[in-house]
Amino acid sequence: MNGALSLSVAERVGVLRLTREARRNALDAAMVDELAAFCREIERRDDLDVLLLTGSGRAFCAGGDIDAWSGESAQDFGRHWIRDGHSAFDALARLRQPVIAVLNGPALGGGLELAACADYRIAEAHVKIGLPETGLGIIPGWSGTQRCTRRFGAQTVRRMALFGEVFTAEEAQALGLVDAVTATGGGLAAGQALAARVLARGPLATELAKMLINAAEGEENARVLESLAGRIAAGSAELQAGLAGFRGKHPPRFRG
């Protein structure tokens, strides 16, 4: 893909990087579509067991690009900007692989909503985190009031979204917005070390554990239930009997 995101893979670890440095990696519609496409690719790759998500330059992600959405009609804003963003962010949050967000710079608005899709967040010491949207007369529209509340707690989200508080990396760690803080410039190395710990664990068990945690959190109940049940059915002798009956044009022999 040739756009404002890039994916590299080495030794079963992928690095998905936002590369729109001139706009502090602010997301436009093309980037949202690209994120969704990358998630489809990542989900299907057999050589990728852990994903690191980070930004290029001095920012992780400055949020949704104001120039990209401010000229849209209210209908198009709701139909496309919000819904397409939700679709892409949901795909990221529901990847089978553990996702580690490396916040190498500010994560504001949509940038924090993007980081919230990860399973673990590492912030470099200089990072600022917040949800400033209401200061522009708009709301956090990519699950800032929903996924962020589930993952970080309602009061912390209130402080950012209603009262405009912006937190330092250390404050964010104390509040549970990030899991670890590293020195400036050390985030990616810390992410790689954490990825190595994941790779030492059972890959199928890790995948299933992530699915069950997501279900407990209310992230994707229906898909988790049907995926787990589908795995059981697909590995059963009944499926083989059913396929044999279909191909042989006779009733399946499920018993005996």
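At a threshold of 4.0 Å, the pair Glu219-Arg150 counts as salt-bridged, since one of the basic side-chain nitrogens sits closer than that to a carboxylate oxygen. Ionic pairing of Glu217 and Arg147 is not present here: no N-O contact between side-chain nitrogen and carboxylate oxygen is shorter than 4.0 angstrom.
Glu43 CD: more than 12 foreign heavy atoms inside a 6.0 Å radius.
Minimum interatomic distance between Cys117 and Leu92 (heavy atoms only, all atoms of both residues): CB-CD2, 3.6 Å. Nearest heavy-atom pair across Asn214 and Ala93 is ND2-O, 3.4 Å. Across all non-hydrogen atoms, the minimal contact from Asp28 to Ala68 is CB-CB, 3.8 Å. Considering every non-hydrogen atom in both Pro252 and Ala241, the closest pair reads CB-O, 3.7 Å.
Rounded to the nearest 0.5 Å, atoms CG (Asp49) and CD1 (Ile42) are 12.5 Å apart. To the nearest 0.5 angstrom, Leu108 atom CG is 10.5 Å from Lys128 atom NZ. Note that OG1 of Thr168 is 9.0 Å distant from CG of Leu175, once rounded to the nearest 0.5 Å. The CZ atom of Arg17 sits 6.5 Å away from atom OG of Ser8, with the distance rounded to the nearest 0.5 Å. For the atom pair Leu35 CG and Leu53 CG, the distance stands at 8.0 Å (nearest 0.5 Å). In this structure, CD in Glu220 is found 11.5 Å from CD1 in Ile213, a value given to the nearest 0.5 Å.
Scanning for side chain to side chain contact (heavy atoms under 4.5 Å, CB included) contacts around Ala196 gives an empty result, with sequence neighbours left out. Every residue was checked against the salt bridge (Lys or Arg N to Asp or Glu O under 4.0 Å) condition with Glu171, not counting sequence neighbours, and none meets it. Under the rule for a salt bridge (Lys or Arg N to Asp or Glu O under 4.0 Å), Arg96 has no partner lying at least two apart in sequence or in another chain. Considering only residues two or more places apart in sequence or on other chains, Arg24 meets the side chain to side chain contact (heavy atoms under 4.5 Å, CB included) condition with Ala59, Ala62, Pro106. A search for side-chain hydrogen bond (donor to acceptor under 3.5 Å, both in side chains) contacts involving Glu207 returns Arg231, not counting sequence neighbours. Partners of Asp47 according to the salt bridge (Lys or Arg N to Asp or Glu O under 4.0 Å) rule, which considers only residues two or more places apart in sequence or in another chain, are Arg45.
Counting only distance, with no hydrogens or angles, the side chain of Arg121 and the backbone of Ala101 share no donor-acceptor pair below 3.5 Å. With Arg44 contributing its side chain and Arg40 its backbone, the two residues share a donor-acceptor pair below 3.5 Å.
Checking Glu124 against Asn104 by side-chain atom types alone, no donor-acceptor pair falls below 3.5 Å.
Contact of the Leu18 side chain with the Ser56 side chain is not registered, since no non-hydrogen atoms from C-beta on lie closer than 4.5 Å.
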